[in-house]
Amino acid sequence: MLEKNYDAAAVEPRIYAAWESAGAFKAGAGARGGAPYCVVIPPPNVTGSLHLGHALDNTLQDILVRYRRMLGRDVLWQPGTDHAGIATQMVVERQMMERQEPNRRDIGREKFLEKVWAWKGESGGQIINQLKRLGASADWSRERFTMGERGKADDQMVRVVTKVFVELYREGLIYKDKRLVNWDPKLQTAISDLEVEQVETKGKLWHFRYPIEGRTFDPEDRSTFIVVATTRPETMLGDTGIAVNPEDERYKDLVGKFAILPLVGRRLRIVADDYADPETGSGAVKITPAHDFNDFEVGKRAGLPTVNIFDREANVVLAGNADFLSGVPASEELTASTAALDRQDRFTARKRVVEMLEARGLVEKIEDHLHTVPHGDRSNVPIEPYLTDQWYVDAKTLAAPAINAVREGKTSFVPKNWETTYFNWMENIQPWCVSRQLWWGHQIPAWYGPKKWQGKLSFFSNSAEAESFVALSEAEAIAAAEKKYGTKVVAVRDSRDALLHFVEHGKANDEIAIYRDEDVLDTWFSSALWPFSTLGWPEETPELARYYPTSTLVTGFDIIFFWVARMMMMGLHFMKEVPFRDVYIHALILDEKGQKMSKSKGNVIDPLSLINTYGADALRFTLASLAGQGRNIRMSAQRVEGNRNFVTKIWNAAKFAEHYDCRRVAGFDPAGAKETLNRWIATETTRAAAATTAALEAYRFNDASAALYRFVWNLLCDWYLELAKPVLNGEDGPAKDETRATVAWVLDRTLALLHPVMPFLTETLWQERGGAGLLILAEWPAPQFEDVAAADEINWLIELIAAIRSVRSEMNVPAAAMVPLAVSGAAPATAARLERHDAVIRRLARIEAIAAADRPEKGSVQIVVGEATYAFPLAGIIDFAAERARLQRQLDKTAKDIAGIGAKLNNAQFMAKAPEEVVEEQRERLTEASALKARTEAALAWLG
RNA sequence: GGGCGGUUAGCUCAGUUGGUAGAGCGUCACGUUUACACCGUGAAUGCCGGGGGUUCGAGUCCCUCACCGCCCACCA
């Protein structure tokens, strides 16, 4: 016996356990032939928790995977998690701070990493369990982590990354370079362009006067200074030049001359460069090559020196800064400003610089200025362009094949317009900075040792100047080093130990120490390898052979650049084949007001609480039905509640079947059914199956859920089960048996069609109804039966009942009243239909008896359906004026239709140019409408 | 500045080759029916953002304007 209501919370864990213990999620489970189908999960952050974006992403993947599995395909849904370098390291550091423990630099790398691994072990399972709550049918036995089991060198997931790095290095596609990077002063690491967010900020534009060398500064005499504007006064300490446009007449004679940098005294060469825009500001721009990307380029072109004034935390460092002092004659002013500004953070320094310049009359004006300031997407502090040595991937070279692959259709985006976004970015791609000054991540496989300088081996603390050995392992690096140096080589922990070692052994030259690059790789570097790393590469595993290229990638548009593009590049380079055939891009989830969900706004809807309240299936159905939306999805609990009602509706349909003892009949085939009603619902089942299948094949999840919703609620429940009641409540016999069997047959197929979207409910009912085996591994329904005549007949029946109900309601006929119905003008076929469906019409339309009549009784309400007129004699009950008005309204509408259609048919152009079938359709509509009009007129006349 | 979306019922959104405007929610009225009140029946509501064009015919194709949103680049 089915319970009164479906209890999702009680059922879901049990069903999930049943699937798992049956091995239903395992790669290839239940495969019955056909091509393999593989999806790799976008690995969530290992220590994260499930949000609605994950819920959407994984629901869609699960739908695809369950559908393919039921088709009998060899399915692998490859799961796993991401180590999420910065994010995870930040969480652990925050914990340490909250517990008032010593920070990571105090405890050192090894101890810190132990803590992160411990945290991973503690919270790493959470998100996987949450995915299970959602019903995700991934092959958990194959779960992978981007850093492997222990992050050790011999771990496959680590070997993959190392091998890729080393091979790209040897091919010249990874290199070390000294240039400006986006530096995050809070996290103290370089970040890539993509991790920088532009934040619109209300700032100021300061206009400063820089005295011209050799002229005595006089604020009243504009020939004694040059005005430059800046949004960042503090960086003036690093100015090394001034640029003006070569075409700018105002400054022509100043080119080649020098200005004197206030507070410092540095000589600034005035150079001509196109970068300076005469229209902007004063037309002269100060050049700070160490702290601005554009200035860096100008400085390079003009041969200006680079003066860095910041340390890693973006504090001003002047004292003892050789760059800052180079060539600047000591002066009282320099000493004073150095003392005042040294060790200030950049914002304090900014204030001080302005104050000091103002005191000297060097501030021309200060304007309000709206501009965008680059911020780190994790730290949320302004980033600094900072001159460092970093590792770069030659993305431009790798992008070329990745662009072509999409051009040639080897990989397709769905929806297709995302390809434009992909191309735009890929065609303008910049070198990818992959090194991070973090500890949690894949350590870069480069080792450094002393280098020959002026004839003898010297130790360089800057790794860029050291001898480097990029190698697959420490042993390999040592071997390479030994070959290079011709001496015994040992590996030590870090550059400090290497220096100590060098000091100790340098003289004897009997042993040389090398040390490993302390930086780690960008998290996205390992994510980029995910489609093949998870399948076992570099080993030639059977899984790799079978499932690569994978079939579909499902992800949000926000990580097309971060992830999709990079997987394309790496996949093509190392596997010589695209990583996936289709990329399905879905929208992002917002709250019901269209706001991005965030903890600070407090508008986050937790998918787990939705699952707890409404059940996983209701959430899944909701997400699927919203998936068609373009850019963003507005989510509210109310929608989920509505779909929970749909879950209940299905549950009650199953209860109906149980109540009327509708059991599955082995070998039942609707083709042998005699009852029109049964032939009709079988036809509709075929159509629903076809619609659902087509929608899923096309990634139209919303169409699939809409088709299922409509079929189940509006056809199966609203009509078929209602229409079947008279038979099921009637006498035993073949018609009843056939109807019971049909109900069971339809229900079974319906459950199967619903299963990918609503796995828990459908599996529960499948089991309750004594289904053979598990629904998850059952066959996807593809009924072929179709009977157009039966469909026509039942549609006529539905139309008739609906029309009677409508009129009853409009005429305020009490719902309980049983009314006689008189039919006139019915053709023999219609009369036969009325006879066949007599019981149903009487039941559903509350009719006492149906009788034929030559003409409706005077004063009765008349309904026109098809060629016949149906009347209930309601004299005395009904309001004649209202009835007349109703008929008149119908007449007006019909007349309007006729006029419209007539205009078309009388239009010679239309007749000449429209396709024959369209013309024919209009003719039919005209015939029908004319008939309706005639009968309505008759009814109106008869009413008197 | 470059690119991409959006503007359809009170709300949130569908609308796939151009051929009678749809759904869910909400609203209103009525509830007879032993699957279901997490329900049933019925009803109301649309210059499909504005303008122009192509076409026999445009929510759908083209141009243009307005507003909203996102992405990329840049801003001394």
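Sequence lines set the chain letters: A, B, ... in the order given, protein chains first and strands last, and positions in each chain run from 1.
Near RNA chain B, meaning a heavy atom under 4.0 Å from it, residues 652-660 of chain A has A/Asn652, A/Ala653, A/Lys655, A/Phe656, A/His659, A/Tyr660 in order of number.
Taking the six-membered ring for Trp and thresholds of 30 and 60 degrees, A/Trp651 and A/Tyr6 have ring planes inclined between 30 and 60 degrees apart. In this pair, A/Tyr709 and A/Phe646 present their aromatic rings tilted. The plane angle is within the 30 to 60° band.
Partners of A/Asn245 by side-chain hydrogen bond (donor to acceptor under 3.5 Å, both in side chains), not counting sequence neighbours: none found. Shown here are the ring pair (Phe, Tyr, Trp, His ring centres under 6.0 Å) partners of A/Tyr720, two or more places apart in sequence or in another chain: there are none. For A/Phe760, the ring pair (Phe, Tyr, Trp, His ring centres under 6.0 Å) partners at least two apart in sequence or on another chain are A/Trp19. Taking A/Arg301 as the reference, A/Asp273 meet the salt bridge (Lys or Arg N to Asp or Glu O under 4.0 Å) condition, with sequence neighbours excluded. Residues passing the ring pair (Phe, Tyr, Trp, His ring centres under 6.0 Å) test with A/Phe656 are A/Tyr660, sequence neighbours excluded.
In this structure, the ring of A/Tyr210 has its center no less than 6.0 angstrom from the ring center of A/Phe225.
The same atom, C1', is picked in B/rG50 and in B/rA66; the two are 7 Å apart, to the nearest Å. Between B/rG42 and B/rG57, the distance separating the two C1' atoms is 35 Å to the nearest Å.
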The contact string for nucleotides 1-6 of chain B, one letter per nucleotide 5' to 3', using protein heavy atoms under 4.0 Å with B, S and - for base, sugar-phosphate only and none, comes out as --SBS-
Polar atoms only, N or O, under 3.5 Å: list the protein pairs with nucleotides 39-45 of chain B and their distances.
from	atom 1	to	atom 2	distance (Å)
B/rC39	OP1	A/Asn645	ND2	3.3
B/rC39	O3'	A/Lys649	NZ	3.3
B/rG40	OP1	A/Lys649	NZ	3.1
B/rG40	OP1	A/Trp713	NE1	2.5
B/rG42	O2'	A/Ser809	OG	3.0
B/rA43	OP1	A/Ser806	OG	3.3

So which protein N/O to nucleotides 72-74 of chain B N/O distances come out below 3.5 Å?
from	atom 1	to	atom 2	distance (Å)
B/rC74	O3'	A/Asn294	ND2	3.4
B/rC74	N4	A/Thr372	OG1	3.0

Could you list, one pair per line, each protein nitrogen or oxygen that sits under 3.5 Å from a nitrogen or oxygen of nucleotides 16-23 of chain B, together with the distance?
from	atom 1	to	atom 2	distance (Å)
B/rU16	O2	A/Arg700	NH1	3.4
B/rU20	O2	A/Arg925	NH2	2.9

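Both A/Val228 and A/Leu721 lie close to RNA chain B; mapped to their nearest nucleotides by heavy-atom distance, the more 5′-ward contact belongs to A/Leu721.
A/Glu928 contributes no side-chain N or O that, together with a main-chain N or O of A/Arg925, makes up a donor-acceptor pair within less than 3.5 Å. With A/Asp292 contributing its side chain and A/Asp295 its backbone, the two residues share a donor-acceptor pair below 3.5 Å.
At the phosphate of B/rU33, neither OP1 nor OP2 sits under 4.0 Å from any side-chain N or O atom of A/Arg843. Using a 4.0 Å cut-off, some side-chain N or O of A/Arg634 falls inside it from OP1 or OP2 of B/rC13.
Considering only side-chain atoms of A/Arg644, the nucleotide from B/rA35, B/rC38, B/rU32 that sits closest is B/rC38. Checked against B/rA35, B/rA76, B/rC25, the side chain of A/His369 finds its nearest nucleotide in B/rA76. Closest to the side chain of A/Arg639, from the set B/rU32, B/rA76, B/rU12, is B/rU12.
Counting non-hydrogen atoms under 4.0 angstrom, A/Leu205 reaches the backbone sugars and phosphates but no base.
For residues 413-422 of chain A, the set of pairs meeting the side-chain hydrogen bond (donor to acceptor under 3.5 Å, both in side chains) definition, not counting sequence neighbours, comprises A/Lys416-A/Glu419.
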Taking distance alone, no hydrogens or angles, what donor-acceptor pairs closer than 3.5 Å link side-chain atoms of residues 196-203 of chain A to residues at least two apart or in another chain?
from	atom 1	to	atom 2	distance (Å)
A/Thr201	OG1	A/Val199	O	2.9

